[in-house]
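First the structure, in the form of structure tokens, and then the observations on it.
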Amino acid sequence: NAGVTQTPKFQVLKTGQSMTLQCAQDMNHNSMYWYRQDPGMGLRLIYYSASEGTTDKGEVPNGYNVSRLNKREFSLRLESAAPSQTSVYFCASSASTGGAAPYFGPGTRLTVT
Amino acid sequence: GNSVTQMEGPVTLSEEAFLTINCTYTATGYPSLFWYVQYPGEGLQLLLKATKADDKGSNKGFEATYRKETTSFHLEKGSVQVSDSAVYFCALTLNDYKLSFGAGTTVTVRA
């Protein structure tokens with residue numbers, strides 16, 4: 001049982017390049033999330049998907065897009081990367097009931113130069 | 001809005017010392033509360049949770065009690081080990097699928 005998996009683990013981009021971060025979960029969870037982690041700021045929610053077919057903005061959505069491809073997969077796209085998007089990105093998933101604890105993936109460390 | 005405030009680190013302790021990390025929250029309604037732990041180079045792991053007032057969450061020797069009257073969820077462990085060195089995050093969620101995190105507290109335990 002892999003839980004939440006993310007690819008890639010590390011990525012370096014030049015300003016203006018695009019890329020997609022992939023996330024998949026095998027726990028049959030309805031809800032999925034993308035967070036970014038920056039020093040001294042905890043984790044901030046970028047986008048979430050409460051159920052298959054729906055996506056909503058979180059606290060810091062600017063510069064990102066998401067796709068809930070199916071129940072298992074939730075991708076995060078950076079269309080034109082900026083140095084301010086240098087961060088560690090975590091995908092998470094949870095049961096559909098509000099108040100359930102999300103399970104996190106191992107993270108993707110992204111550097112934009 | 002909803003927010004979580006936790007004590008600033010870093011915290012450095014000797015093995016077998018008592019650990020407390022303070023966490024207070026602001027929320028409109030009655031949130032569920034969590035502590036997550038992040039070991040170096042890894043993702044966040046759920047350490048414990050409490051879903052209503054006076055609930056006590058516990059795991060791996062760690063405990064935290066949901067105190068509605070003081071809007072707090074302090075994390076405690078009676079005797080820490082070197083393997084407890086990590087970053088600890090307090091978090092809350094209401095029934096809206098979104099988790100609000102504190103800034104994290106780095107704990108280092110020396111042998």
Side-chain angles (χ1 to χ4, degrees), chain A residues 2-7 9-10 21 23 25 27 29-52 54-61 66 68 74 87-109, chain B residues 1-10 21 23-53 55 57-59 64 66 73 86-106:
Chain A
V4 180
T5 57
Q6 294 182 234
T7 55
K9 287 192 174 181
F10 301 94
L21 281 64
C23 173
Q25 53 92 8
M27 295 175 282
H29 284 164
N30 283 330
S31 302
M32 297 186 73
Y33 313 81
W34 278 105
Y35 288 88
R36 60 178 288 173
Q37 183 180 28
D38 301 294
M41 302 188 73
L43 278 78
R44 293 179 293 169
L45 183 64
I46 304 171
Y47 270 93
Y48 69 102
S49 171
S51 61
E52 187 178 356
T54 69
T55 60
D56 286 284
K57 294 178 181 179
E59 185 182 353
V60 288
V66 291
R68 183 74 183 267
F74 188 41
S87 188
V88 181
Y89 291 86
F90 290 100
C91 178
S93 70
S94 68
S96 60
T97 303
Y103 290 84
F104 284 80
T108 295
R109 186 173 294 276
Chain B
N2 304 322
S3 66
V4 175
T5 303
Q6 52 182 113
M7 64 183 283
E8 292 186 17
I21 304 176
C23 171
T24 57
Y25 67 89
T26 302
T28 53
Y30 301 99
S32 294
L33 301 172
F34 310 95
W35 277 101
Y36 282 84
V37 59
Q38 184 178 32
Y39 299 104
E42 298 184 11
L44 278 71
Q45 300 175 24
L46 179 66
L47 183 58
L48 54 84
K49 66 178 182 180
T51 58
K52 62 183 187 296
D55 269 1
S58 61
N59 186 26
Y66 189 144
F73 192 54
V87 182
Y88 293 83
F89 292 93
C90 186
L92 70 81
T93 187
L94 289 164
N95 290 332
D96 60 356
Y97 305 100
K98 289 178 272 189
L99 210 63
S100 296
F101 284 88
T105 302
T106 300

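Any value given below was found using the heavy atoms of this structure, including those in side chains, with hydrogens, waters and symmetry copies removed. What you see is a predicted model, and the numbers here were worked out from it, not measured in a lab. A, B, ... follow the sequence lines: proteins, then strands. Residue 1 opens every chain.
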Is the number of heavy atoms from other residues, nucleotides or ligands within 6.0 Å of CD (Glu42(B)) greater than 12?
yes
Is any side-chain heavy atom of Leu44(B) less than 4.5 Å from a side-chain heavy atom of Tyr35(A)?
no
For Tyr103(A), look at atom OH and say whether over 12 heavy atoms of other residues, nucleotides or ligands are found less than 6.0 Å away.
no
Taking CZ in Arg44(A) as the centre, count heavy atoms belonging to other residues, nucleotides or ligands within less than 6.0 Å. Is the count above 12?
yes
Under a 4.5 Å heavy-atom cut-off, does chain A meet the side chain of Gln38(B), its backbone, both or neither?
side chain
Under 4.5 Å from any heavy atom of chain B - which part of Gln37(A)
side chain
Of all heavy-atom pairs between Gly42(A) and Phe89(B), which one has the smallest distance, and what is that distance?
CA-CE2, 3.9 Å
